[in-house]
Amino acid sequence: MSNKQLADIFYTIADILEIEGVNWKPVAYRKAALSISTLSGDISDYYKNGKLERIEGVGEGIGKKIIEYIKTGKVEKYEELKKKYPIDFDSLRQVRGLGPKKIFSLYKSLGIKNIDDLREAVSKHKLRELEGFGEKTEANLSNTLASVVESTEKRVPLGFMLESAENLVSELRRSGLFNKVEIAGSTRRMKETIGDLDILATSNKPEEAMRFFTKMKEVSDVLVSGPTKTSVELKFGLNCDLRVVEDESFGSAMQYFTGNKEHNIKLRRIALSKGLKLNEYGIFRGDKKVAGESEEGVYSYLGLDYMPPELREDTGEIEAAQVHQLPKLVQYEEILGDLHTHTNDSDGADSLGELVSEAKKIGLKYIAVTNHSYSLRVSKGLDDKRFEALNRRIEALNGKENFSVLKGVELEILKDGSLDLSSKTLLGMDFVIGALHQNISNDRKTNTDRLIKAIESGKLSAIAHPTDRIIGERPPINLDLDKVFEACEKNDVMLEINGYPTRSDLPFDLVKRASKYRVKFSLGSDSHRLAHLRFLRLATAIARRGWLTKKDVINTLTYEQIIKLKR
DNA sequence: GCCGTTTTCGGCCCGACTGTTTTCAGTCG
C-alpha cells in the first residue's frame, strides 16, 4: 500500500471518466491524486489522525474511496471501470503525446492495452491510418517509446545540477542576444529535486536568440520550437524550456513560470474574485493591462506581500501574504559557518588543512569538523583516542586569521540507543551530531525509542539528517517524528538540515512542521570533499522553504556564541 | 467531485505548440 499506488488509481479513474465525457470530475480526481502523491507522510496516517479531508482536493466522495483503499486494498469504482476498460493507463500515460483521448482511441481501434501493444502497432505502421493520427505522430511516438523506460520519473537532486544550470544561463547572457535571462521554475524555488529546467528571457531578436539556444553545445535534442517557447533535451540529462517574452511582461512571466502550479492557480482565483484576469502577460482589467512589468507589482496589485520564490508551494504563503504575516526568512548571507563536514581522518577526501583553507576562501567564518565515530567501520570511524589526537590538531589551528573550527563528531547512535564514544570524549567536543546509520529497518516504536534515548542522554547537540532518507535510493526510516521533535524541544537538542543533495534532510515540509515546536536548526553541507561545501547553500534553501527565520538557525550565530551553547 | 470574501449552488486557470485538419482537438505545463 502506498500513496503512489492510490494516486495512480485516482489518475486512472480521472482518465476513464474523461473518456466517458464526464465533466469536472476528472479535474477533481487529478487534483486529489496530485495532493496524495506529494504528501509527506503515509496516507493511512492521515486517516488514523482524522485528517483526510484536510488534504487539498479530498472531500467526502474521494475521502470514502481512500478509506476503502486503506481497509481493503481496493477501490470498487476503480475495479468496475477497469473491467470496462482493461487498459494500462498508468504506463501509457507516461508516453509523451498520449493523453486519455488518444489512449482510448488506440484501444478502440487497435485494441492497444499497454506499452508492448503500442510498440508493436507502431513498428507495423498501423497508427498512421487512424483518424486523428498521422505519419508524424507515429514517428514521434516511435522516438518517445525508445526512451520511455529511462525517462520516467527522472527527477534530479537540485544540488547536482544547479551549477550547470547557472553556467548555461551565463552563456546565454554572454551571447548578447538577450536583454534579460533568468532561471525560473522549481530551480528558482530551490526545490530539492527538479524534473526540468525553466529559463525565462527577453530579447529584441527572439528568432536569432532561439536559434542560438538550440545550437548550444549542451543541447542534445530539440523537442519543441516556436517563437516564444523552445524545449530541448540537455546533455546533462534534463529537459530545458526557454521562453522569450516582452520586457513589459517579464514580471508576470517570472511569476507564472516560477510556479508552483497550485500557487499560480490560487493567484488566478484571487484575480478573478477581484474582476481581474491574470496570465503570463500581466494582470488585466478588461482589455487594459494594469500590472506585469515587475513580479512585486503583480503580487501587490492582488493585495499580497511579495513572496520569495522558496515559499511558493501553496502551503499557506498566499494566506499569510494577504494579512502581512509572512516570516522574514533567514538570508543566505546570514549563514556564517558550516556545521557538518568530514576530513580524510574518516571518510572525507581532503585533509583538515585543505578543508579549512577552502572554507575560508568561500567566505565562511567557521566550520564544525564532524567525522564519523568508531562503529561506522565502512567510513573509517574514529575511536576516543584518534578523536583526542584530531582535537589537539584542531585546537592548534584555532582562532588564526579570523577563522575557527569546532571540534565535532557525527556520532553513531547504537542499536540500543547508547552512544559510540566515552562521556569524556563527548564532553571535550564543541558540536555532537547524533546519527542513525545502521540497523535502521526496525519498526516504528523501536526506531523512535532508540533515537529518543539518545536525545535524552544530554550529550547531543543535534540530530543528523533526521529522516535518513536517500533520494532515489531509500525512503525515510519509520519514525514517530512528532515524538522526536517533542523530545528535542524538551532536551534542547537541535535538528539538522543536511544540504547534501541526495539527503536534503529534514525535508522542507518537515522543517515547517518541526518549527511548531521550540527547536533550533543547524545547517550542514555534509561535505566529503572541498567542492561539497557549496551544498551549505542548499541547506539554507531548505530552511527558507521551511519558513525559518534568522533566530531559528544557529549558523547565524558567531563561533563564540555557538560554543557557549554547550550542553 | 470539490469548494466557499461569488459561500451550500454553481462555478471550476489559461495559453502555447503540434499535427491534423482547413478551423480545431489534444496535450502539456
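Chain naming here is simple, since letters A, B, ... match the order of the sequence lines and numbering starts at 1 in each.
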Problem - Summary of protein contacts for nucleotides 19-29 of chain B, nucleotide by nucleotide, where a base hit scores B, a sugar-phosphate-only hit scores S (4.0 Å, heavy atoms) - result: SS-----SSSB
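Evaluation of the side-chain hydrogen bond (donor to acceptor under 3.5 Å, both in side chains) rule for E317(A) yields H263(A) as partners, not counting sequence neighbours. Residues forming a side-chain contact (heavy atoms from CB on, under 4.5 Å) with S164(A) (at least two apart in sequence, or on another chain): F236(A). With sequence neighbours left out, the salt bridge (Lys or Arg N to Asp or Glu O under 4.0 Å) criterion links D116(A) to no other residue.
Among residues at least two apart or in separate chains, side chain to side chain donor-acceptor pair (under 3.5 Å) pairs with a member in residues 184-198 of chain A are R155(A)-T193(A), R188(A)-T258(A), R188(A)-E295(A), R189(A)-E313(A), E192(A)-R545(A). Every pair passing side chain to side chain donor-acceptor pair (under 3.5 Å) that includes a residue from residues 14-27 of chain A is listed here, sequence neighbours excluded: D15(A)-R30(A), D15(A)-R93(A), E18(A)-R30(A), E20(A)-K84(A), E20(A)-Y85(A). Every pair passing salt bridge (Lys or Arg N to Asp or Glu O under 4.0 Å) that includes a residue from residues 206-232 of chain A is listed here, sequence neighbours excluded: E171(A)-K217(A).
The P atoms of dT8(B) and dC3(B) are separated by 16 Å, rounded to the nearest whole Å. A gap of 23 Å separates the P atoms of dC28(B) and dT22(B), to the nearest Å. For the C1' atom pair drawn from dA25(B) and dT21(B), the interatomic distance equals 10 Å after rounding to whole Å.
Within the structure, a side-chain polar atom (N or O) of R269(A) is placed less than 4.0 Å from OP1 or OP2 of dC13(B).
Sorted by residue number, the list of members of residues 295-323 of chain A with any non-hydrogen atom under 4.0 Å from DNA chain B is empty.
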Output a table of donor-acceptor pairs, distance under 3.5 Å, between side-chain atoms of residues 52-63 of chain A and any protein atom two or more places apart or on a different chain; print 'none' if there are none.
none

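Both geometric conditions, a ring-centre gap below 5.5 Å and a plane tilt below 30°, are not fulfilled together for W24(A) over the base of dC2(B).
Judged by closest nucleotide on DNA chain B, V58(A) is the one of L278(A) and V58(A) placed further toward the 5' end.
As the counterpart of dT8(B), no nucleotide is assigned, since no Watson-Crick or G-U wobble pattern has both distances under 3.5 Å.
Using a 4.0 Å heavy-atom criterion, one finds that V27(A) contacts no nucleic acid atom at all.
Using modelled atom types, one finds no donor on one side chain facing an acceptor on the other under 3.5 Å when comparing K126(A) with S109(A).
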